[in-house]
Amino acid sequence: MFPDVQAMNNYINGGRGGVGGEGSGGGTGGAGGHGMGPSLNFDIRSGGDFTITNVEHGERGIDILHRTVASAAIHDSAESYPQPRCHPETRTKMLEGLHKWALDTDSKTAVLWMHGPAGAGKSAMMQTLAHQLKDAGILGASFFFKRDHATCGNAKTLFSTIAYQLALSVLCLRTPISQIVENDPSILLRSIETQIQKLIFEPCRSHQNDDPVAILIDGLDECEGHEIQRKILRAIRNSCSSKHLISLRFIVASRPEPHIREVFDSPFYSDVHRTLNVEQSFDDVHKYLCDEFSRIRTTEYISTPWPSSNVLNELVRRSSGYFIYASTIIKFIDDKNYRPMERLEIIQNGNKTDSEAFDALDQLYMTILCSTPRQSELIPILCAIVNFDLTAPTIDQLFGLADGETRVLLRGLQSVLHVPSNDYDEISSHHASFLDFLDNPNRSKEFCVGSLHRRMELARSVLTLCAGHYREIWALSFSSLTLARRWVSFIISLPPSPELWPLIGRMNPDYIFHPDSDLEGMLTWLRRIPSVPRGLIHLWKDYEYMYSFGDMISGSCGVQQETFFQRWHMFPSPKLLQVLASIAVVGHPKLSLTHTLLDLTWDELRNIICSLRPLTARPLTALPTLHQWVSSEFYPWPFRDVALVYIRRMVRNLATPKKANRKFR
Ligand SMILES: Nc1ncnc2c1ncn2[C@@H]1O[C@H](COP(=O)(O)OP(=O)(O)OP(=O)(O)O)[C@@H](O)[C@H]1O
């Protein structure tokens, strides 16, 4: 299993019909008895993230597999639209070479590593290649990693997503892959080595397909964790040693990060892979710019020849042959809020002295930022965008701005930022290089958001927001949840500063208890400084205890509830039993739910849970397990009470119509 994965497998078995009635004499049989509804068995494993797999009895493996798929990672996913694609007649040679290699059944190599710097055009090539291979009928699967994305930013579903696509694209693999999952659905929660082995290599070893099958993995460096990235490469390599009836061709694209290069350069990979460096291409950029300017001329009814060939050549030179520069200036010039010719003039008037690849890009970003009004208000917003994934309304709230103000402030940055027109998608950068640029003081100078001063300013805004009321609708938006989850890691990345203590002490715990909150990290951070008030450490120790309480229960070897209380000569209060029942039912990271549903203040909840600390701190304390709390014969009523509170709440929610068009994730 992945480390830190919590999993719940629900096995849902179909209902049984009642026995038939008895016949009497020569008459007809009596009516059938009562049937039994479906039964639900669940098994819970502990860890960090939580995955629920409902396995319906008799369900096909392919359907079980489908539910784990990271659909946004697939090359033609609607969720990730628009994906970068190569402009027609660009990168043709490299694409042809890749195509040929993927088709070559005699090739000695089974893995190709495509590398190139940020913005070189790797993803655009991988997208284009995926479509070409699909048309040629040899695309087995694709997976496009996206940094920090919930499903595409890590490797948890990499091989199940690939296996699912293989089952659909290679006819002879459909039944074996489906059968493997059907026989053992827990395969989807195993280590990546086991998954690749069982879901991909074993079926390919025993089934025959004449054509090779290509598997494209883009942006390996965007997958969370260097060690996982290495593991993926090792797992792929291991497969090359065994004989398959189906020839698999892996194309892996990434930036040339040292830890990835090390794996490919090691003897382990020596004779099974090829490399392809995505190099600069001035001709391709020239072609792209010519075509794009011609398109803009037509759509904007510009009759004069524009731009002149000198200007065009200068732009090509400044791009250093990389598309990131070219595509950024086209987005800047093609902004429907402005006149294209004036926009091009702004670009031309930027400082022209540097020729290094990304100096030109930096100048471009500088020029774009300098052309925006209200820069001093813009910088804190950019700092928030660099550190968190946020929607425009969340940013309005974070900085106490009037509704819609963030959109107004970001209007001039459309060429570098994607600001969705709806209120529930997060603002993102068109290209990661813009965020890298903003973070680096040597590059972005006065616009830099990576300085300590800027980050402290953001920390104050975040903590002030988190000290306030937890608004339910606001809290349901994905971006505010991201903020609530990530604020701890952001704060503890700062050097400790006394000016933050009062704000940290005033935080509303609704923002604290989330599945990914690093409370231990926060406490370590606070303890590092001798001047931190003791009361603050005490408060956070309590929070940490409250948060870890559920873990203690689930990790315990288990004793009966009444044994537990008798052992410590304790007579549990009704409230304590209700709190335990609620934690057992909704889980400990969701303490906010227990606090709201049982109508307890945070101080009350803290006192109740922390009253158990002296008992659980004693060595060899065995706590009842979750199951024992829930099924207690000695104190059964708190569970009944809690169940009633929850049912009432659910009925009330069902009776309240939801706001139309609001997207909850
Ligand atoms: N051949 C091309 N034709 C048109 N646009 C391109 C081409 N190649 C890249 N681009 C554009 O250049 C920008 C950067 O390209 P891309 O995202 O593919 O780079 P990358 O090498 O994958 O970068 P990173 O390593 O940062 O992920 C994108 O906006 C993309 O649309």
Side-chain angles (χ1 to χ4, degrees), residues 463 465-472 474-476 484 487-488 501-515 517 519-520 522-523 526 533-554 556 561-562 564-565 568-618 621 623-624 626 629-630 632 634-650 652-653:
L463 289 172
L465 181 93
C466 294
H469 186 59
Y470 193 68
R471 273 168 279 183
E472 209 175 341
W474 185 80
L476 279 172
W487 73 266
V488 174
W501 306 155
L503 289 168
I504 294 174
R506 280 204 294 275
M507 282 198 62
N508 178 347
D510 273 315
Y511 290 98
I512 295 175
F513 297 111
H514 287 278
S517 295
L519 302 196
E520 201 185 323
M522 184 71 181
L523 202 55
L526 284 173
R534 291 191 67 76
L536 189 60
I537 302 230
H538 196 78
L539 177 72
W540 278 85
K541 262 165 86 175
D542 282 358
Y543 287 156
E544 194 201 22
Y545 179 76
M546 290 162 76
Y547 189 72
S548 58
F549 184 72
D551 272 347
M552 279 188 237
I553 294 178
S554 54
S556 167
Q561 257 200 65
E562 99 288 5
F564 172 72
F565 288 118
W568 305 113
H569 310 293
M570 184 176 180
F571 185 73
S573 70
K575 273 286 173 219
L576 171 59
L577 287 172
Q578 276 196 358
V579 167
L580 292 172
S582 172
I583 293 177
V585 174
V586 297
H588 64 109
K590 298 201 182 104
L591 278 181
S592 300
L593 219 55
T594 295
H595 139 82
T596 322
L597 292 175
L598 298 184
D599 245 344
L600 293 167
T601 66
W602 276 111
D603 278 343
E604 284 166 343
L605 187 60
R606 179 180 160 204
N607 287 337
I608 290 170
I609 296 180
C610 293
S611 70
L612 288 172
R613 182 190 266 145
L615 310 189
T616 54
R618 295 180 203 193
T621 298
L623 280 163
L626 269 177
W629 290 116
V630 178
S632 166
F634 290 88
Y635 303 108
W637 46 268
F639 288 92
R640 190 204 54 208
D641 288 355
V642 166
L644 281 175
V645 171
Y646 287 4
I647 290 166
R648 271 192 218 113
R649 177 60 72 117
M650 278 191 278
R652 211 179 319 148
N653 283 350

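Because the structure is predicted, anything quoted here is derived from the model rather than measured.
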Rounding to 0.5 Å, atoms CG (Asp603) and CG (Leu600) come to a distance of 11.0 Å
Task: Backbone N/O of Tyr511 and side chain of Trp487: donor-acceptor pair under 3.5 Å - done: yes
Closest non-hydrogen contact found for Lys575 with Leu598 is NZ-O, 4.0 Å
When rounded to the nearest 0.5 Å, the distance separating CZ of Arg534 from NZ of Lys541 is 7.5 Å
*asked:* Determine whether Leu519 and Met546 satisfy the following criterion, side chain to side chain contact (heavy atoms under 4.5 Å, CB included), listing intermediate values before the conclusion.
replied: CA-CA 10 Å; Leu519 302 196; Met546 290 162 76; over 6 Å; no
One should read off an interatomic distance between Leu523 CG and Leu536 CG, to the nearest 0.5 angstrom, of 9.5 Å
Distance col, row Leu465:CG vs Leu503:CG, nearest 0.5 angstrom, shows 11.5 Å
Flag side-chain contact, heavy atom, 4.5 Å: Leu539 against Ile504: no
Are Gln578 and Ile608 side-chain neighbours, meaning at least one heavy-atom pair lies under 4.5 Å?
no
CD1 of Ile512 to CH2 of Trp540, rounded to nearest 0.5 Å, is 3.5 Å
*asked:* Could you check whether any side-chain N or O of Asn508 sits under 3.5 Å from a backbone N or O of Gly468, counting only pairs where one atom can act as donor and the other as acceptor?
replied: yes
I'd like to know whether CD of Glu604 has more than 12 heavy-atom contacts from other residues, nucleotides or ligands below 6.0 angstrom.
yes
When rounded to the nearest 0.5 Å, the distance separating CG of Asp542 from CG of Asn607 is 8.0 Å
Exercise. Where does the angle between the aromatic ring planes of Phe513 and Tyr543 fall among parallel (under 30°), tilted (30 to 60°) and perpendicular (over 60°)?
Worked result: perpendicular
